[in-house]
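In what follows, every chain begins at residue 1, and chains take the letters A, B, ... in the order their sequences are listed. All values reported here derive from a predicted model rather than from experimental measurement. Values below: all heavy atoms of this structure, side chains included; hydrogens, waters and symmetry mates excluded.
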There are 2 protein chains.
Amino acid sequence: MKLQKETRRTDWPDKKRYDDACAAAHAMDLFGERWAMPVMRELLLGPRRFSGLKTSLNGISAKMLTERLEGLEAAGILVKKKLPPPASVQVYELTRWGYEAAPIFQAMGRWAVRSPRHDPGRPFSPVSLMLSLRTMFSADAAGDWAGRLQLRMHNEDYFWIRDQGEIAIGRGAIERPDVLLTGTPPAIASIVYGNRPLDDAIGAGDLAVEGDRSLIERLPACFPMPEKTSAPERPS
Amino acid sequence: MKLQKETRRTDWPDKKRYDDACAAAHAMDLFGERWAMPVMRELLLGPRRFSGLKTSLNGISAKMLTERLEGLEAAGILVKKKLPPPASVQVYELTRWGYEAAPIFQAMGRWAVRSPRHDPGRPFSPVSLMLSLRTMFSADAAGDWAGRLQLRMHNEDYFWIRDQGEIAIGRGAIERPDVLLTGTPPAIASIVYGNRPLDDAIGAGDLAVEGDRSLIERLPACFPMPEKTSAPERPS
DNA sequence: CTGTATCCGTGTTGATACTG
DNA sequence: CAGTATCAACACGGATACAG
């Protein structure tokens, strides 16, 4: 019948939304579309520009990025804003509520690293590496490790700090870093998560360390990878 | 060029997967497809049959359901199994790892109820109502409330128990319930979340209460709804 | 730099009918 | 009950070209 088609169109453009009271399903309506979640992830450490997002989001097209940014803004998850005159540049920033989605990313990350199909060797954006560090950090395993790391990836500065228990990560440079680590995200990941010898990475020119090298050497122990799920296992 | 097309096809059928080390992105690869997440949700309280899933997932087609079940099984999230002879019925059950995805649903639910667009008046499946109760329960707000509820929705039994602090939910009947509540999920939601007067629901025949009625009357106070996000708000 | 506009192949979906 | 088969509509995403 034609009526169906017509009502579909006029009802609302909710062809692909779950018409469900379940809030988790609603979350998928909000950021379940392709690329929406990675876009949010890239903004989790602060405002970014269009071009920065495009490069970080490996393979996204300008069209997609524009559409997702519009959609996420309409949903109230981010805002588009123009920086004041000296800079006068367009940036996208999460709203307060948008930032509050961070625990979802943590829960997903913690769970999905155990997937048999998960491969940490894929393209890694600086922001997602930083977020993964925060997620995978284990206070128990780290023991008394403390320090202030400055990380430089693709010529952008990020930091990672642990000072008795608490950890903090973010974009930008910090004062008095104990050590400066320069390299690509995959290179850094390979020594933190992939138990690649530090000398190997430095020797190959993938990584440069400036400052207290011992802090880096103790790093892998702070981020124990959980074992992957094995064969399909019944709950018990 | 044709080459592109050809390599695309042979490379792997990962046209729509994020080729990303970010584990959260990988989670979307695993259950970000349409209907995958609601299917998992319906299984979170125990094994279900094809027909049960189909009715609970408002509007899903048999084709979709089949495809998602296959995909989730291939991902190691659920298993298809046949119950022993007396029953001899096909059911789908989450693997242990599948069950461990529950915190993701909690985080998503907690966050998405605050969405300006979220509408608790939409179709509600029994399982998602039960999960929402567990998610939204506030120990502080509940104070000394304690009791054993038996809920009957669409002729299926579910329970909700709080005994000094701890809460438990599940499918099936319990012994010595303090009160039996019969009605549809939306009807129950309307009195718990929608501050509809209990007498109103009973009078309209939407709900039946058998047992300690005062427990039901104190229920809404145990599940305070967080305020929705208002206008786009900057982080601070 | 920050997008917009258009085109078009391809993939996905829901309806319907059918099978064991 | 538990799916499978087929099909047509349509939404999506990538490429390209272009504009402010």
Undergrad: Once you round it to whole Å, what is the distance between P of C:dT2 and CD1 of A:Ile60?
TA: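 Going from A:Ile60 (CD1) to C:dT2 (P), I get 15 Å.
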
Undergrad: Rounded to the nearest Å, what distance is computed from the CH2 atom of residue A:Trp35 to the P atom of nucleotide D:dC12?
TA: 16 Å

Undergrad: Take atom CZ of B:Arg68 and atom P of D:dT4, then tell me their distance rounded to the nearest Å.
TA: 14 Å

Undergrad: What I want to find out is whether B:Arg117 reaches A:Asp29 closely enough, with some N-O distance under 4.0 Å, to be called a salt bridge.
TA: no

Undergrad: Less than 4.0 Å between a side-chain N and a carboxylate O, is that true for B:Lys80 and B:Glu73?
TA: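 No, B:Glu73 and B:Lys80 are not salt-bridged.
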
Undergrad: Would the number of heavy atoms belonging to other residues, nucleotides or ligands and lying under 6.0 Å from CD of B:Glu156 be above 12?
TA: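 Yes, because the 6.0 Å sphere around CD of B:Glu156 holds more than 12 heavy atoms from other groups.
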
Undergrad: By a strict heavy-atom criterion of less than 4.0 Å, which residues belonging to residues 41-50 of chain A are in contact with DNA chain C?
TA: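 Listed by number, they are A:Arg49, A:Phe50.
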
Undergrad: Ignoring hydrogens and geometry beyond distance, is the side chain of B:Lys63 in donor-acceptor contact with the base of D:dT4 at under 3.5 Å?
TA: no

Undergrad: Rounded to whole Å, how long is the line connecting atom NZ of B:Lys54 with atom P of D:dG3?
TA: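 Those two atoms, NZ and P, are 12 Å apart.
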
Undergrad: By nearest atom, which of the nucleotides D:dG14, C:dG14, C:dT4 is closest to the A:Met64 side chain?
TA: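 Of all the options, the side chain of A:Met64 is nearest to D:dG14.
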
Undergrad: Can you tell me the distance, in whole Å, between the CG atom of A:Leu65 and the P atom of D:dG14?
TA: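 Going from CG in A:Leu65 over to P in D:dG14 covers 12 Å.
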
Undergrad: Could you tell me how far apart A:Arg17 (CZ) and D:dA11 (P) are, to the nearest whole angstrom?
TA: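 Taking atom P of D:dA11 as the reference, CZ of A:Arg17 is at 13 Å.
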
Undergrad: Considering only C:dG3, D:dT4, C:dT13, which nucleotide approaches the side chain of A:Gln90 most closely?
TA: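 Closest nucleotide among those given: C:dG3.
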
Undergrad: In whole angstrom, give the distance that lies between atom CG of B:Leu69 and atom C1' of D:dC1.
TA: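 Answer to the nearest Å: 15 Å.
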
Undergrad: Expressed in angstrom and rounded to an integer, what is the separation of B:Glu70 atom CD from C:dT12 atom P?
TA: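 In whole Å, C:dT12 P and B:Glu70 CD are 14 Å from each other.
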
Undergrad: Respond yes when some side-chain nitrogen or oxygen of A:Lys80 is under 4.0 Å from OP1 or OP2 of C:dT2, and no when none is.
TA: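 False: A:Lys80 side-chain N/O out of range (4.0 Å or more) of C:dT2 OP1/OP2.
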
Undergrad: Relative to each other, are the rings of A:Phe223 and A:Tyr193 parallel, tilted or perpendicular (30° and 60° limits)?
TA: perpendicular

Undergrad: Side chain of A:Thr66: nearest nucleotide among C:dT4, C:dT13, D:dG3?
TA: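 Of the options given, the side chain of A:Thr66 lies nearest C:dT4.
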
Undergrad: Write out all pairs satisfying salt bridge (Lys or Arg N to Asp or Glu O under 4.0 Å) with one or both partners inside residues 97-112 of chain A, taking only residues at least two apart or from two chains.
TA: A:Glu100-B:Arg114

Undergrad: Enumerate the ring-ring contact (aromatic ring centres under 6.0 Å, His included) contacts for residues 35-61 of chain B, please, sequence neighbours excluded, ordered by first and then second residue.
TA: A:Tyr18-B:Trp35

Undergrad: Please confirm whether the shortest side-chain N or O distance from A:Ser51 to OP1 or OP2 of C:dT2 is below 4.0 Å.
TA: yes

Undergrad: Could you tell me if the ring centre of A:Phe105 sits under 6.0 Å from that of B:Trp111?
TA: no

